[in-house]
Number of protein chains: 2
Amino acid sequence: MPVYSANVSERAQQPPELAISTVIFALRPDPEAGGPTLWLPLVRRTRQPFRDLWALPGGPLRPDEALQDAAARNLQETTGLQPSYLEQLYAFGGLDRSPVQRVVSIVYWALVKPDEAALARETENVRWVRADDLGQLAFDHNHIVEYALWRLRNKVEYSSIAYAFLGSTFTLAQVREVYEAVLGRQLDPANFRRQLRATPDIEPTDEYLQGGRHRPPRLYRYTGGAAQLSGSPPA
Amino acid sequence: MPVYSANVSERAQQPPELAISTVIFALRPDPEAGGPTLWLPLVRRTRQPFRDLWALPGGPLRPDEALQDAAARNLQETTGLQPSYLEQLYAFGGLDRSPVQRVVSIVYWALVKPDEAALARETENVRWVRADDLGQLAFDHNHIVEYALWRLRNKVEYSSIAYAFLGSTFTLAQVREVYEAVLGRQLDPANFRRQLRATPDIEPTDEYLQGGRHRPPRLYRYTGGAAQLSGSPPA
DNA sequence: GCAAAAGTGTTTCAAATACACCCATGG
DNA sequence: CCATGGGTGTATTTGAAACACTTTTGC
């Protein structure tokens, strides 16, 4: 339990600063791996502390915007991306997160579709890295990404967020690639197919994906609306 | 998206206030229902806004304490209770949560054991109510409790938090009563028993609960350590 | 025809469920 | 001995998993 004393540093007496950050996941074709892999955009810090280290996109919360709006905004500002899924991850508020000032960060996580991810701009201060190969990040951001990954892996198994990574139509093999990239293991194509066909909110179209080297697979469409779970707390 | 204009109320230009609140669950013997039911403590508001309405225990975040410490502290201060389980629920930050000032509330949820819950003091300004029979609460606190209940019901099914409601030894029927109270439905005693016996972290003692009207049931002990999941984000 | 992915069928295995039944105790 | 909850046994069902097999395309 914290002890209040007269010679606590002055910093500790000011109200904590409130900031919003976002972990943004996208699936990108990866030549090295077999299929696509998980990537996320980072921004270079241009000020102390942790100057020149890479960090999650984020910024202060404006007085007149809702938490999720703030996440969507700094996501848009730093990467130009529109997320297909956006959910609160956690509020991080440890005393030693920043060496200069107490900061409470409310962190969101987002998924973007491949067409969005393709036109994401990389600049001197914005870089995309593989989720399993970040370097050392600023603050506790390595820890935060770790947790976001854990949440993503869990949620992909019991909800329908996988489709947030895909376009309006897709093959069942593409869905399987999403699961394999997120979970990091191979899945049996036959059984995976059956499970998807058993869910009501994925329906076949009359079209087939042409141009492959082999038998053209049928295209499907997701009809389940936004992936947000019913337990989510809006407002 | 919020629009910035010159005649936005002054309130909207000040930094949002940061507060911590806690939803505290305890199981209490309930004469009306068959077994125990879920209860939680509320505090009466003594100031505007929502004066005289009931609200979740909470207060501002001190500059020198971690988020979870603040939750534990105002839990201790208002109810005198020591939680056996404490986890962050969600950060609520809508623009219209409070009519007088923008408040961002980081809400925790807690479970307390029956011996603790028994010596919880009720005063003029602290009252225990059934979780399914709160009246109208201050702010968005009805909504928050709803969400906490949803989380509790989910988590009781896939983790071991049920034991946070129980003492150091217990009968299997008591564990079942916890599940039934939380989930709100009856469970088959035979199958429930088998499932518990199959988990490694619950071991039988040599003692039996005497004094019942029938065959004395064996007492068990939970050996699984704190119920906090591995995906929890510490620090 | 061959390679390779799309797609189907079938068997096996594990877990949840339903439910009949016996056991031990207080009254 | 009877009512009641404690505790065991067992058949049924469901779904995940493993894997053999057929189909359709490009080359």
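Salt-bridge annotation for B:E116 and B:R28: absent, with no side-chain N of the basic residue lying under 4.0 Å from a carboxylate O of the acidic one. In this structure, B:R176 pairs ionically with B:E180, as a charged nitrogen and a carboxylate oxygen lie closer than 4.0 Å. Contact check on A:R44 versus A:E124 returns a salt bridge, with a Lys/Arg side-chain nitrogen under 4.0 Å from an Asp/Glu carboxylate oxygen. Between A:D30 and A:R130 there is a salt bridge, with a side-chain nitrogen of the basic residue lying less than 4.0 Å from a carboxylate oxygen of the acidic one. The pair A:R218-A:E207 fails the salt-bridge criterion, with no side-chain N (NZ, NE, NH1 or NH2) lying under 4.0 Å from an Asp/Glu carboxylate O.
Side-chain rings of B:Y222 and B:Y220 stay apart, their centers remaining 6.0 Å or farther from each other.
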Q: Do nucleotides 9-17 of chain C as a string where each nucleotide becomes B, S or -: B if the base has a protein heavy atom under 4.0 Å, S if just the sugar-phosphate does, - if no protein is that close.
A: BB------B

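Listed nucleotides: C:dG7, D:dG6, C:dT25. Nearest to the side chain of A:R218: C:dG7.
As judged by a 4.0 angstrom heavy-atom cut-off over every strand, B:R197 is placed among residues making no nucleic acid contact.
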Q: Take A:L42 and A:V129 through the side-chain contact (heavy atoms from CB on, under 4.5 Å) test and state the conclusion after the steps.
A: CA-CA 7 Å; A:L42 298 174; A:V129 298; 3.6 Å; yes

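Of the residues in residues 205-215 of chain A, those placing a heavy atom less than 4.0 Å from an atom of DNA chain C are A:H214, A:R215, in numerical order.
If you take CZ of A:F192 and P of D:dA16, they are 12 Å apart, rounded to a whole angstrom. Atom CG of A:L219 is separated from atom P of C:dA5 by 18 Å (rounded to the nearest Å). Between the P atom of D:dG15 and the CZ atom of A:R193 lies a distance of 19 Å, rounded to the nearest Å. Atom CG in B:L196 sits roughly 12 Å away from atom P in D:dG7 (whole-Å rounding).
Using a 3.5 Å distance cut-off with no hydrogens or angles, the side chains of B:R151 and B:N154 do not pair a donor with an acceptor.
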